[in-house]
There are 2 protein chains.
Amino acid sequence: MNAVEEKNLSRIQREKRGKIQKAALEVFSEYGLRSATLDKIATACGLTKPNILYYYSSKDQIYFEVLNGLLDEWVAPLHEISKEGKPIDELLGYMKAKLKISKQKPKESKLFANEILHGAPLMQNILATSLRQTLDEKVAVIDHWVSEGKLANVNGYHLFFSIWAMTQHYADFDVQVKAILDKNEDELFQEAEEYLTNLLLRMLSLPSNQNHSIKRS
Amino acid sequence: MNAVEEKNLSRIQREKRGKIQKAALEVFSEYGLRSATLDKIATACGLTKPNILYYYSSKDQIYFEVLNGLLDEWVAPLHEISKEGKPIDELLGYMKAKLKISKQKPKESKLFANEILHGAPLMQNILATSLRQTLDEKVAVIDHWVSEGKLANVNGYHLFFSIWAMTQHYADFDVQVKAILDKNEDELFQEAEEYLTNLLLRMLSLPSNQNHSIKRS
DNA sequence: AGAAAAATTGTCCATTTGGTCAAAAATTTA
DNA sequence: TAAATTTTTGACCAAATGGACAATTTTTCT
């Protein structure tokens with residue numbers, strides 16, 4: 001499935017490839033594909049440039065490997081949304097999972113964002129097939145919930161777009177966020193979670209439902 | 001105020017500088033600062049590379065000029081938010097203004113996003129001073145509205161973050177959006193506006209307020 | 001241990017690219 | 001129109017960079 005089979009690798013190969021990928025993530029997420037250099041990656045992982053090219057045939061290939069690894073992580077939380085669960089809980093859980101990734105893996109988020117921002121030349125077809133199919137399924141679940149009266153009437157696609165946008169914003173544009181708010185990382189994400197929870201609750205709750213912000217019983 | 005005074009320029013200078021900036025916006029927004037080349041910009045505006053360097057002293061300077069122009073446009077809609085207006089209308093108007101920019105100036109939006117994504121090396125201090133100050137003022141207005149009972153209780157900073165994130169998403173990540181939805185540009189932004197209007201209405205309306213989706217009187 | 005295989009590196013190369021510069025062409029000014 | 005000024009360009013350069021490769025070192029296998 002992966003472009004590189006990972007089963008028949010020696011200990012050394014596994015270690016070095018791991019080091020390279022980790023360093024490459026750092027460098028690529030900071031500089032982007034073009035302005036990242038093999039020398040920077042080499043320095044970051046303590047290897048020589050030719051040594052890196054012994055493990056990966058080209059800079060592009062390293063980038064491709066790293067990016068491919070990210071895509072799976074990026075899509076994974078979607079699969080956790082269960083038709084059987086309580087609609088609002090499922091969607092709140094999804095938002096929290098995405099927000100958690102933004103907090104814990106900002107570099108990965110930025111690299112992914114950068115790729116899409118520049119036209120996703122390496123992922124466009126995957127987006128249009130795999131991601132699209134998965135999302136279609138989840139939107140169908142949302143439509144189902146809506147039709148059963150378990151959820152306010154929302155456009156499922158745009159709901160996902162907005163969850164992606166709002167959660168990733170805290171990772172991708174952290175420089176801007178931190179230029180405006182002085183909070184430390186923990187405070188910031190705590191606030192964000194409260195804000196987004198409130199937003200989704202208001203957005204998704206049925207108008208005539210029980211009052212969600214103030215429990216009476 | 002600008003890094004380059006624009007008053008004492010001849011007709012030729014004005015024309016050529018304009019051409020260069022326009023071409024530079026195209027190229028920079030597609031490739032980013034580093035992987036954009038002077039040759040690409042030269043081709044895009046039909047000038048020679050040395051000719052471009054006759055008008056701008058370096059590639060970095062062109063980038064700086066272009067970027068600086070964008071910042072003003074980016075912040076401008078914020079100033080339109082009036083303390084005197086009806087809170088929800090003001091904020092809906094702001095969202096619509098930002099969404100309109102995403103639709104009509106996607107390249108500008110992407111260039112801006114790219115800069116922040118990579119740490120905003122050229123704008124960090126402006127963000128932390130000018131933008132921050134403006135935003136502080138507008139958040140104060142929101143707090144005021146909230147305290148007067150004209151608006152649901154929301155965190156003003158995160159409200160702006162989410163409006164930025166959600167509206168810019170349609171420009172910055174258009175590749176992803178279009179990989180998932182087949183709609184044409186007009187349909188897409190129409191849907192987005194409806195979705196975001198509904199979202200903000202639900203988010204900002206007071207719980208016990210009049211029913212906003214169905215007018216009774 | 002010794003041979004074979006794998007891993008590592010120093011050196012080198014070709015291309016790309018930002019930028020220079022002097023000469024030429026075009027425009028403006030007197 | 002002729003001089004002065006501005007604009008344009010072809011040729012060129014130095015630095016950066018992705019990558020090749022043969023030689024060397026290290027590890028693995030018998």
Side-chain angles (χ1 to χ4, degrees), chain A residues 3-67 111 118 121-122, chain B residues 3-67 111 114-115 118 121-122:
Chain A
V4 166
E5 297 296 331
E6 300 208 350
K7 41 189 176 183
N8 290 332
L9 297 182
S10 70
R11 177 186 53 84
I12 285 185
Q13 281 173 329
R14 238 187 306 277
E15 280 178 11
K16 295 293 165 67
R17 279 176 184 263
K19 271 191 180 182
I20 293 170
Q21 287 217 14
K22 190 180 171 192
L25 173 65
E26 301 271 330
V27 177
F28 282 134
S29 75
E30 184 173 347
Y31 296 92
L33 171 55
R34 285 314 252 277
S35 46
T37 71
L38 284 175
D39 284 322
K40 281 176 189 153
I41 298 174
T43 302
C45 66
L47 297 182
T48 324
K49 188 167 64 172
N51 201 183
I52 287 178
L53 290 168
Y54 173 74
Y55 290 103
Y56 293 94
S57 59
S58 69
K59 186 174 94 163
D60 284 3
Q61 210 215 344
I62 304 176
Y63 185 76
F64 183 78
E65 297 285 324
V66 172
L67 199 64
L111 183 54
H118 292 101
L122 296 181
Chain B
V4 166
E5 297 296 331
E6 301 207 349
K7 40 187 175 183
N8 290 333
L9 297 182
S10 69
R11 177 186 53 85
I12 286 186
Q13 281 173 330
R14 239 187 305 277
E15 281 178 11
K16 294 294 163 66
R17 280 176 184 263
K19 271 191 180 181
I20 293 170
Q21 287 216 16
K22 190 180 172 192
L25 173 64
E26 301 271 329
V27 177
F28 282 134
S29 75
E30 183 173 348
Y31 296 93
L33 170 56
R34 285 316 251 277
S35 45
T37 71
L38 284 175
D39 284 322
K40 281 176 190 153
I41 297 174
T43 302
C45 66
L47 297 181
T48 324
K49 187 168 66 172
N51 202 183
I52 288 178
L53 290 168
Y54 172 74
Y55 289 103
Y56 293 94
S57 59
S58 69
K59 186 174 93 163
D60 284 3
Q61 210 216 345
I62 304 175
Y63 184 75
F64 182 78
E65 296 286 324
V66 173
L67 199 65
L111 183 54
N114 189 60
E115 178 67 12
H118 292 101
L122 297 182

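So you know, we letter chains A, B, ... as the sequences are listed, proteins then strands, and number each from 1. On a predicted model such as this, the values are computed, not experimentally measured, just so you know.
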By side chain to side chain contact (heavy atoms under 4.5 Å, CB included), A/S58 pairs with (sequence neighbours left out) A/D60, A/Q61

B/T43 meets the side chain to side chain contact (heavy atoms under 4.5 Å, CB included) criterion, sequence neighbours left out, with none

Sorted by number, residues from residues 35-44 of chain A placing a heavy atom under 4.0 Å from DNA chain C are none

Could you give the distance from [atom1] ([X]) to [atom2] ([Y]), rounded to the nearest 0.5 Å?
X	Y	atom1	atom2	value
A/K59	A/L53	NZ	CG	11.0 Å
B/I52	B/L38	CD1	CG	6.0 Å
B/Y56	B/I41	OH	CD1	10.5 Å
B/T37	A/R34	OG1	CZ	9.5 Å

- So do the side chains of B/N114 and B/H118 get within less than 4.5 Å of each other, counting heavy atoms only? yes

Expected output: side-chain A/T48 to main-chain A/N51 donor-acceptor under 3.5 Å = no

5'-most to 3'-most nt of DNA chain C touching chain A (<4.0 Å, heavy-atom partner on protein side) reads C/dA6 to C/dG10

I'd like to know if the side chain of A/Q21 pairs up with that of A/Y55 as donor and acceptor (distance under 3.5 Å, no hydrogens or angles considered). no

Looking at B/Y55, does any N or O in its side chain come under 4.0 Å of the phosphate oxygens OP1/OP2 on D/dT8?
yes

(request) Look at the side-chain N and O atoms of B/N51 and state whether any lies under 4.0 Å from the OP1 or OP2 oxygen of D/dT7. (result) no

Ranking B/L47 and A/L33 by the position along DNA chain D of their nearest nucleotide, the one closer to 5' is B/L47

Per atom distances to the A/K49 side chain, the nearest of D/dG18, D/dA20, D/dT7 is D/dG18

B/P50 has its side chain closest, among D/dC21, D/dA11, D/dG19, to D/dA11

To the nearest 10 degrees, the angle between the two end axes of the helix from C/dA1-D/dT30 to C/dA30-D/dT1 (five pairs per end) comes to 10°

**Within 6.0 angstrom of A/K19 NZ, more than 12 heavy atoms from elsewhere** = no

With a cut-off of 3.5 Å and sequence neighbours excluded, list every side-chain donor-acceptor pair involving residues 23-32 of chain B.
from: B/E26; atom 1: OE1; to: B/K107; atom 2: NZ; distance (Å): 2.9
from: B/E26; atom 1: OE2; to: B/K107; atom 2: NZ; distance (Å): 3.1
from: B/S29; atom 1: OG; to: B/L25; atom 2: O; distance (Å): 3.1
from: B/S29; atom 1: OG; to: B/E26; atom 2: O; distance (Å): 3.2

